[in-house]
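This one's a predicted model, so the numbers in the text were calculated from it and none came from an experiment. Order of the sequence lines fixes the chain letters, A, B, ..., with proteins taken first and strands second; residue numbering starts at 1 for each chain.
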Amino acid sequence: MQRVRLRYTKRGRLRFTSHRDFQRAFERALRRAEVPMAYSAGFTPHPKVSYANAAPTGTASEAEYLEIALAAPREVAWLRERLDESLPAGLDIVDAVEAKTSGFAERLEASAWELRLEGVDPAEAERAAKVFLTTSSVEVSRETKKGIRTFDARAAVTALEAADAFASPSPSGGSDALASVPCAILRLVVRHLTPAVRPDDVLSGLRSVADLAPPVPAGVTRLAQGPLDERTGTVTDPFAPDRDAATAALPTAAGQQAAAAPEITGQ
Amino acid sequence: MPVESVFPRLEALLPHVQKPIQYVGGELNSTVKDWDACDVRWALMYPDAYEVGLPNQGVMILYEVLNEREGVLAERTYSVWPDLEELMRKHEVPQFTVDAHRPVGAFDLFGVSFSTELGYTNLLTALDLAGIPLSAAERTEDHPVVVAGGHAAFNPEPIAEFIDCAVIGDGEQAVLEISEIVRAWKAADRPGGREELLLRLAKTGGVYVPGFYDVEYLPDGRIARMVPNRSGVPWRVSKHTVMDLDEWPYPKQPLVPLAETVHERMSVEIFRGCTRGCRFCQAGMITRPVRERSITGIGDMVDKGLKATGFEEVGLLSLSSADHSEIADVAGGLADRYEEDKIGLSLPSTRVDAFNIDLANELTRNGRRSGLTFAPEGGSERIRKVINKMVSEEDLIRTVSTAYGNGWRQVKLYFMCGLPTETDEDVLQIADMATRVIAEGRKVSGSNDIRCTVSIGGFVPKPHTPFQWAPQLSSEETDARLAKLRDRIRGDKKYGRSIGFRYHDGKPGIVEGLLSRGDRRVGAVIRAVYEAGGRFDGWREYFSYDQWMECAARVLPGYGVDVDWYTTRERSYEEVLPWDHLDSGLDKDWLWEDWQDALDEVEVEDCRWTPCFDCGVCPQMQTEIQIGPTGKKLLPLTVVGK
Ligand code: SF4
């Protein structure tokens, strides 16, 4: 059975899509694209799709992942294109690879995030980030279905730094018309631990330890998900092992594809 | 002049509201046209929450029909929930369309489709949020022309003050005609202003402009007459009828929302109209005559629609889908075509006969047989004669036991309470019917594990039906009668536990009754309720009966009338009804005769299968019944190789 891994986005206004909404939309796209899906057994068979940790509703993402199982083989490039066409613009399939390795979910060790803080002075954001990083433990609380949970938001964070606001236009579609309003951008790398630390938790941490209080909700975008390179502190492409395996089998053609793969640390 | 998107301002509010996805648009098959390249611009609204409004076929059809036209643009807007409304007011974000987030106030036309009267307060919320004066009389050339449509528009009098005009009947040709008139008027640099535009619309005879009619009252509160107050304005306004459904295969590209909605399926309308003649049914009366889509037309729409949407279920819509002249071939053909693709088919039909079960069996070939619904509507044979629902007790028992015999485990029976001439006894017979159904069902299925659910709600007399003269049962009497029925069912030792009982209390029905048969004076009640915070009246958690009654008690005495006057009062033959100047084609004398026949328990046949019984629609509207059979079959779809 052919298994294909896909990288997709939640861009602009469609970042308000919840994970359930996305699942419905994706299953419809599979039918529109006439993808020969493998189905689960049972009374109400479902197409076999597995999703990896989805970004919360309201956060944009350039790097969501899922895997599908096909009943008949299809070319990966064809699949990517057809599915992308079948989804509404903003939910875009940006990369695809045939699964050649196992343990994909475990490979998603960390996420790189961009936090766009409109109305916040970049210097102020930089100061707050430093305070956060020099604090050994940052207690935050979040409302969950089981009530308020309190946990440490610091340990999971491996990087938090201010980025140049103008070098990086926001993919989350914030208003660029208000050029006179200052806008700080923070880059954040978080290890996927339990309990999961979300960008929101880091923002509440920044508020509690450094009094950073953005006047409008932060524009949050996941830029990458994948293995954490401990040496450089960057998040790398989780498809690389699948590409390497394919390259080993088919030296020329697939090698080019790997070279054309998008830079995963942000675009 | 370019119109700015309000999205940047809205976006900042969205993280603070429930289900923000419903406000962002971007649905598959939605269209955003260039504002400046169009000269006629419509904002279309379904005045309820997005989850209810998005699947609405009427809006979806008009949206596509208008956007297909060059130079015409249509965008959609829905009611925002109170959490967002509050933020929008605070941050001065106006009512917006979900397509390009343009402010509704910037459009030329604001079309609102009312399936029910319970959307009226939501209309006022939307107008106010859009910055459009609530009263049409206060609007200027800068404001959109507010057009009401949908079934409730067949009596638009309660909202006469708030709308500029109303269109009754099928909308697809009507909106194109209106667009042309608006275009010509704009191109000529708006001669005569808003008044002239409305006059041009009114003169077509198919657009009702309430401001061009004066209502005169009698000392006792009844209407004396409705008179046009401009020359060239017709005495009566006609409904619109689309004759060839195959020429209008809309929606071709059904919208596929990201948010979850009440219908997670694609719908294909297989015919319009119904001539079964159920006397309580407004939809059946106002959509005459029957016009079928051909079997091949249906097959085509299903095929293209599924390709365009990726839905896994198709509903074959109409008022009584089992009545299509070729429904067996339609159902069988579609079941054959989509057996492999795991596409579910559903057919809303509540007909009480064995044929309906055959159809349901066909559509669930490989699925599970869970529930079947039948609608006898009345509990006793006598009351069924009154409402012209021709089904005998024997038929019903035979039909339902056939269903159990075919493996269906759960049967739902729909009834109404408060029908004209009804007594407690008529309603209590529902309990007897249900016990017979269970007894019979246990026998034929050989199992005690079968259920029957009785679902019952209060009857509301509607305009343009033979019951438009009938007294509505008070909510107290409705509730008392339903309580007796509940006790009778629960008290049954042997079968009671197999019978489910669902009922709606009588209070919402009284408000619906007030709005359905109301006149212009009721508008003051709607405004008062809106001002007191009334919203989303179709939702149990928002609807407030007490608020409606308080407002009515405050406003109506000034006119010498009250809620009972509009609801529980029986009308006489001579009375001028508020909707008499809106022509549904039905001959008022025929309706009156049918009302008298109802009281005499005399039934009337379906004109599809018997000679015309002169309801008046066909000659008045120059229409005729359009039914098959065409004799064609649905051929298997050939699989195109890639
Ligand atoms: S006019 Fe005659 S044929 Fe036409 S809908 Fe009425 S009863 Fe039927």
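- Atom CD of B:Glu264 has more than 12 neighbouring heavy atoms from other residues, nucleotides or ligands inside a 6.0 Å radius.
- Applying the 6.0 Å contact sphere to NZ of B:Lys33 captures more than 12 heavy atoms from other residues, nucleotides or ligands.
- Taking B:Phe107 as the reference, B:Trp35 meet the ring pair (Phe, Tyr, Trp, His ring centres under 6.0 Å) condition, with sequence neighbours excluded.
- For the atom pair CG of B:Leu258 and CZ of A:Arg20, the computed distance is 13.5 Å after rounding to the nearest 0.5 Å.
- At a 4.5 Å heavy-atom cutoff, the contact between A:Leu87 and chain B is made by backbone atoms alone.
- In this structure, chain A has a heavy atom under 4.5 Å from the backbone of B:Thr309, while its side chain stays farther away.
- Applying the side-chain contact (heavy atoms from CB on, under 4.5 Å) rule to A:Asp84 yields the partners A:Arg80, A:Asp92, A:Ile93; only residues at least two apart in sequence or on another chain are considered.
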Would you mind writing out the side-chain donor-acceptor pairs for residues 298-307 of chain B within the sub-3.5 Å range, not counting sequence neighbours?
residue	atom	partner	partner atom	Å
B:Asp300	OD2	B:Lys304	NZ	3.0
B:Asp303	OD1	B:Lys307	NZ	3.1

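- Annotation for B:Ile21 and A:Phe16: closest pair CB-O, 3.4 Å, computed over non-hydrogen atoms.
- The CG atom of B:Leu10 sits 10.5 Å away from atom CZ of A:Arg13, with the distance rounded to the nearest 0.5 Å.
- Contacts with chain B were tallied for A:Leu14, A:Asp21, A:Leu30; A:Asp21 has the most, counting heavy-atom pairs under 4.5 Å.
- The structure places CZ of A:Arg31 at 9.0 Å from CZ of B:Phe311, a figure rounded to the nearest 0.5 Å.
- Heavy-atom distances place both the backbone and the side chain of A:Thr17 under 4.5 Å from chain B.
- Using a 4.5 Å cut-off between heavy atoms, A:Phe22 does not touch chain B at all.
- The minimum heavy-atom distance linking B:Gly310 with A:Arg28 is given by the pair O-CG, 3.4 Å.
- Proximity to chain A is limited to the side chain of B:Lys342, based on heavy atoms less than 4.5 angstrom apart.
- The interface of residues 73-98 of chain B with chain A, defined by heavy-atom distances below 4.5 Å, comprises B:Val98.
- Side-chain contact between A:Pro217 and B:His16 is present, with at least one heavy-atom pair separated by less than 4.5 Å.
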